[in-house]
Amino acid sequence: MPNGRFSPFNDALDLDRALLTLRQATDGADDGELFLERRRSEALVFDDGRIKTASYDATEGFGLRAVKGETAGYAHSSEISNAALARASETARLAVGDGGGTMAPPPQSTNRRLYSDADPMADAEFPVKIETLREIDAFARDLDPRIVQVSATLAASLQEVVILRPDGTLLQDSRPMTRLNVSVIVEDQGRRESGSHGGGGRAGLTGLIDPAHWQATTREALRIALVNLGAQPAPAGQMDVVLGSGWPGILLHEAVGHGLEGDFNRKGSSAFAGRMGERVASPGVTVVDDGTIPDRRGSLSFDDEGTPSSRTVLIEDGILVGYMQDRQNARLMGVAPTGNGRRESYAHAPMPRMTNTIMEAGNANPADILADLKDGIYAVGFGGGQVDITNGKFVFSCTEAYRVQNGKVGAAVKGATLIGDGATAMNQIRAIGNDLALDPGIGNCGKAGQWVPVGVGQPTLMIGGLTVGGSAT
């Protein structure tokens, strides 16, 4: 597979012929597109003093979609050729049947660029990347003799997409992605605990492999591990919880964000369905999905249907005002698409997905929020969680949390889980900090078997009356 710029209409397809095939597939349809993709990625894992994994992957292919009403025909192939496209057209065409649809207008064009189109894998030679991982390992072990294992991962990818629409609109985007992650295991008196930290985004590797960056990342991983090493069993019961800024926004993403995606609301399966214009959160709560923030993990110059990404207000001062929409669900609901039509790859059809989902800042001082917490938990790090979209019920595991009594942050607690439902939790927000922060660039979101990169963000929050699951008796 060549490393030059992805140019399928120069290298594999005839543009006029492809456009004719696409038009034949979508004749009488409401919508459709030809999505072409090439993705190259590499990942290096240095674990326990040696290179554990060094992988490189390259894929390319296309997906052709024809949409009529609620039905979509989708065919894809890893072979980019006129013959493969013709076969795919016959399959996608089955969704259109006898036609009768009215083709939706094409997306508004944009020249906006939110990130570089350079290949991040070319930022450093292979030996430099390996040596950086070795230096991280050595640096970590010198920090604390209690470290017994170090794992460092450096990953980069470039996704190149070309979208051809039936009206002849042709769009092209190159989407870089990089990430550095460091994990450590510490041991003291027979007890072992772990800590990890990392981040990245739609930018090159240069900043991530700078010693100032990876040293700070390594120190943070160690700090979290040592916090857990001294943690006590978490209490259990219903109590007030303060969430830290930044990455704890993953709770908002899961418990509320998915419920505000257009398909769930059109089908009536979301806890927020039919509630437009109603109060769904405490006064002062404003939630947006913003795919326009430069270099962020969830940002896109335009989505996987060609619609420019946008800043979509979902909840404004506690009132539900919008949903995230792809083109199909927006048309069926009689609203405009919001640039949230996303797909994992050419082998997947697009659907409404989040980009960077953020709760905006309030006016409270974070220190004052903690001082007002009489008996509860201060949660600043989260791991895995589970959410039921139909009712918003969630269970989240805390990776870093502290006991708070009478406004004083006490010992770290281990094994804490937060249990509740999104609708209730949003109405029990009692204070919103002025310290809005975005996550460091680590989020992935799963839906219907598809995974896409996302971002989250929020200020410090106090939520009243969550159920905390713990092991303390």
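Values in this document were obtained by computation on a predicted structure and should not be read as measured data.
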Student: Please check if the side chain of T153 supplies one atom and the backbone of N181 the other of a donor-acceptor pair under 3.5 Å.
Tutor: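 Side chain of T153 to backbone of N181, a donor-acceptor pair under 3.5 Å: no, none is there.
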Student: Taking A221's backbone N and O only, do any of them form a donor-acceptor pair with S196's side chain (distance below 3.5 Å, no angle check)?
Tutor: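 Side chain of S196 to backbone of A221, a donor-acceptor pair under 3.5 Å: no, none is there.
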Student: Looking at every non-hydrogen atom in both residues, tell me the closest pair between L22 and R165 and how far apart they are.
Tutor: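 In this case the closest contact between L22 and R165 is CD2-C, 3.6 Å.
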Student: Any salt bridge (charged side-chain N to carboxylate O under 4.0 Å, His left out) pairs touching residues 87-104, not counting sequence neighbours?
Tutor: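 For residues 87-104: E79-R87.
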Student: Assess the residue pair L158 and S174 against the criterion (side-chain contact (heavy atoms from CB on, under 4.5 Å)); give the C-alpha distance rounded to whole Å, side-chain angles, the decisive distance to 0.1 Å, and a yes or no.
Tutor: CA-CA 7 Å; L158 182 66; S174 295; 4.2 Å; yes
Student: Against R175, only a single residue in D303, D295, D304 fulfils salt bridge (charged side-chain N to carboxylate O under 4.0 Å, His left out); can you say which?
Tutor: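 Only one option passes, and that is D304.
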Student: Are any non-hydrogen side-chain atoms of S109 and F302 less than 4.5 angstrom apart?
Tutor: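 No, every pair of side-chain atoms sits at 4.5 Å or beyond.
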Student: Decide, yes or no, whether a salt bridge links D137 with R141 under the criterion of side-chain N to carboxylate O below 4.0 Å.
Tutor: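 Salt bridge between D137 and R141, a charged N being under 4.0 Å from a carboxylate O: yes.
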Student: Could you measure the distance from the CG atom of L180 to the CD1 atom of I209? Nearest 0.5 Å is fine.
Tutor: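 Atom-to-atom, L180:CG and I209:CD1 are 9.5 Å apart.
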Student: Does S299 reach the main-chain N or O of I293 with its side chain, forming a donor-acceptor pair under 3.5 Å?
Tutor: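 Checking the backbone N and O of I293 against the side chain of S299, a donor-acceptor pair under 3.5 Å is found.
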Student: Could you tell me which non-hydrogen atom of P120 sits nearest to which non-hydrogen atom of A203, and how far apart they are?
Tutor: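 Closest pair (atom of P120, atom of A203, distance): CB-O, 4.1 Å.
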Student: Between W247 and G381, is there a donor-acceptor pair closer than 3.5 Å when you use the side chain of the first and the backbone of the second?
Tutor: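 No; judged by distance alone, with no hydrogens or angles, the pair does not exist.
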Student: Under the 3.5 angstrom rule, does the side chain of S270 hit a backbone N or O of F264 as a donor-acceptor pair?
Tutor: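 The answer is no, because no donor-acceptor pair under 3.5 Å joins these two groups.
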Student: Verify, without hydrogens or angle tests, whether N340 (side chain) and P352 (backbone) share a donor-acceptor contact under 3.5 angstrom.
Tutor: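 Not confirmed, N340 side chain does not pair with P352 backbone.
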Student: Could you check if a side-chain atom of P8 sits within less than 4.5 angstrom of a side-chain atom of R38, using non-hydrogen atoms only?
Tutor: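 The answer is no, as the side chains (C-beta and beyond) never meet within the 4.5 Å cut-off.
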Student: Test H258 against H253 for side-chain contact (heavy atoms from CB on, under 4.5 Å), laying out the working first.
Tutor: CA-CA 7 Å; H258 279 297; H253 166 102; 3.8 Å; yes
Student: Looking at T218 and W214, would you say the former's side chain and the latter's main chain have a donor-acceptor pair under 3.5 Å?
Tutor: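 Looks like yes, one N/O pair under 3.5 Å.
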Student: Please give me the minimum heavy-atom distance between A66 and A95, naming the atom from each residue.
Tutor: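 Minimum heavy-atom contact is O-CB, 3.9 Å.
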Student: Is a salt bridge present between R343 and D326, judged by a nitrogen-to-oxygen distance below 4.0 Å?
Tutor: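 A salt bridge is absent here (no side-chain N lies under 4.0 Å from a carboxylate O).
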Student: Can you check side-chain contact (heavy atoms from CB on, under 4.5 Å) on L436 and I358, steps first, answer last?
Tutor: CA-CA 9 Å; L436 170 63; I358 301 163; 3.7 Å; yes
Student: Give a yes or no on whether E131 atom CD has more than 12 heavy-atom contacts from other residues, nucleotides or ligands under 6.0 Å away.
Tutor: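 Yes, CD of E131 has more than 12 neighbouring heavy atoms, counting only those of other groups under 6.0 Å.
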Student: Over all heavy atoms of both residues, which pair between T91 and A75 is shortest? Give the atoms and the distance, please.
Tutor: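 Result for this residue pair: CB-CB, 3.9 Å.
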Student: Is a side-chain donor or acceptor of D421 paired with a backbone partner of G392 at a separation under 3.5 angstrom?
Tutor: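 Checking the backbone N and O of G392 against the side chain of D421, no donor-acceptor pair under 3.5 Å is found.
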Student: How about I429 and M359: do any of their side-chain heavy atoms sit closer than 4.5 Å?
Tutor: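 I429 reaches M359 side chain to side chain.
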Student: Determine whether L164 and F9 satisfy the following criterion, side-chain contact (heavy atoms from CB on, under 4.5 Å), listing intermediate values before the conclusion.
Tutor: CA-CA 10 Å; L164 177 64; F9 293 115; 4.0 Å; yes
Student: In terms of side-chain geometry, is the basic nitrogen of R223 or E400 positioned less than 4.0 Å from the acidic oxygen of its partner?
Tutor: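 Result for this pair is yes, salt bridge flagged.
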Student: May I ask you to test the E160-Q172 pair for a side-chain heavy-atom distance under 4.5 Å?
Tutor: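 SC-SC contact between E160 and Q172 ruled out.
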Student: If you look at every heavy atom in R23 and G168, which pair is closest and at what distance?
Tutor: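 Scanning both residues completely, I find the closest heavy atoms to be NH2-N, 4.2 Å.
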Student: How far does CE of M324 sit from OG1 of T355, to the nearest 0.5 angstrom?
Tutor: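 Between atom CE of M324 and atom OG1 of T355 there are 8.0 Å.
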Student: Do Y323 and D263 have a side chain donor and acceptor closer than 3.5 Å?
Tutor: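 Absent: no donor and acceptor within the cut-off.
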Student: Heavy-atom distance under 4.5 Å between the side chains of D117 and R5, does that happen here?
Tutor: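 Counting from C-beta outward, D117 and R5 do come under 4.5 Å.
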Student: Look up atom CD1 in I432 and atom CD1 in I463, then write down how far apart they are to the nearest 0.5 Å.
Tutor: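 These two atoms lie 10.0 Å from each other.
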Student: Applying the side chain to side chain donor-acceptor pair (under 3.5 Å) criterion to E305, which one of Q328, R65, R327 satisfies it?
Tutor: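 So, applying the side chain to side chain donor-acceptor pair (under 3.5 Å) to E305 and each of Q328, R65, R327, only R65 qualifies.
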Student: For a 4.5 angstrom cut-off between non-hydrogen side-chain atoms, does M354 reach L260?
Tutor: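 No; the side chains remain at least 4.5 Å from each other.
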Student: Determine which pairs satisfy side chain to side chain donor-acceptor pair (under 3.5 Å) with at least one residue from residues 449-460, sequence neighbours left out, and list them in order.
Tutor: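 Counting only pairs at least two positions apart or across chains, the side chain to side chain donor-acceptor pair (under 3.5 Å) contacts touching residues 449-460 are D435-T460.
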Student: How long is the straight-line distance from CG of L332 back to CG of D30, given to the nearest 0.5 Å?
Tutor: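 Rounded to the nearest 0.5 Å, the CG-CG separation comes out at 7.5 Å.
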Student: Side chains of R296 and N356: any donor to acceptor distance under 3.5 Å?
Tutor: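 No - no donor-acceptor pair under 3.5 Å links their side chains.
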Student: Contact between V186 and L226 at the side-chain level, heavy atoms closer than 4.5 Å - yes or no?
Tutor: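 When only atoms from C-beta onward are counted, L226 and V186 do touch, with a gap below 4.5 Å.
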Student: When rounded to the nearest 0.5 angstrom, what is the spacing between SG in C398 and CG in L418?
Tutor: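 Rounded to the nearest 0.5 Å, the SG-CG separation comes to 4.0 Å.
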Student: Which of these, L170, L64, T26, V162, sits in a side-chain contact (heavy atoms from CB on, under 4.5 Å) with L34?
Tutor: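 It is L64; the other options fail the test.
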Student: Minimum heavy-atom separation for I136 and A152, please, with both atom names.
Tutor: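 For I136 and A152, the tightest heavy-atom pair comes out as CG2-CB, 4.0 Å.
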Student: Under 3.5 Å, side chain of E220 to main-chain N/O of H197, donor-acceptor pair present?
Tutor: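 Side chain of E220 to backbone of H197, a donor-acceptor pair under 3.5 Å: no, none is there.
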Student: Given side chains that start at C-beta, do those of F139 and V150 come closer than 4.5 Å, heavy atoms only?
Tutor: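 F139 vs V150: side chains apart.
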Student: Just to verify, what does L44 make a side chain to side chain contact (heavy atoms under 4.5 Å, CB included) with, not counting sequence neighbours?
Tutor: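 Only A54, F126, K129, I130, L133 meet the side chain to side chain contact (heavy atoms under 4.5 Å, CB included) criterion with L44.
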Student: Decide salt bridge (Lys or Arg N to Asp or Glu O under 4.0 Å) for D289 and R353; before the verdict, give the C-alpha distance in whole Å, the side-chain angles of both, and the deciding distance to 0.1 Å.
Tutor: CA-CA 10 Å; D289 187 83; R353 303 296 300 272; over 6 Å; no
Student: More than 12 heavy atoms of other residues, nucleotides or ligands under 6.0 Å from NZ of K447: is that the case?
Tutor: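 Atom NZ in K447 is packed in, count exceeds 12.
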Student: Applying salt bridge (Lys or Arg N to Asp or Glu O under 4.0 Å), can you list everything that pairs with R219, at least two apart in sequence or on another chain?
Tutor: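 Partners of R219 by the salt bridge (Lys or Arg N to Asp or Glu O under 4.0 Å) criterion come out as none, since no residue qualifies.
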Student: For R40, run the side chain to side chain donor-acceptor pair (under 3.5 Å) check against T59, D57, D119 and tell me which one passes.
Tutor: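 Exactly one pass, corresponding to D119.
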Student: Partners of D167 by salt bridge (Lys or Arg N to Asp or Glu O under 4.0 Å), sequence neighbours excluded?
Tutor: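 For D167, no residue satisfies salt bridge (Lys or Arg N to Asp or Glu O under 4.0 Å) once neighbours in sequence are set aside.
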Student: Looking at OG of S301 and CZ of R112, how far apart are the two atoms once the value is rounded to the nearest 0.5 Å?
Tutor: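 Answer for the OG-CZ pair, S301 versus R112, is 6.5 Å.
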Student: For G259, does its backbone N or O pair with a side-chain atom of N265 as donor and acceptor, under 3.5 Å?
Tutor: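 Confirmed, N265 side chain pairs with G259 backbone.
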Student: Below 3.5 Å, can you tabulate the donor-acceptor pairs from side chains in residues 46-53 to any protein atom, sequence neighbours excluded?
Tutor:
{"residue": "D47", "atom": "OD1", "partner": "Q149", "partner atom": "NE2", "Å": "3.3"}
{"residue": "D47", "atom": "OD1", "partner": "S151", "partner atom": "OG", "Å": "3.4"}

Student: Apply the side-chain contact (heavy atoms from CB on, under 4.5 Å) test between R297 and each candidate in V454, I442, N444; give the one that qualifies.
Tutor: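 Exactly one option meets the side-chain contact (heavy atoms from CB on, under 4.5 Å) with R297, and it is N444.
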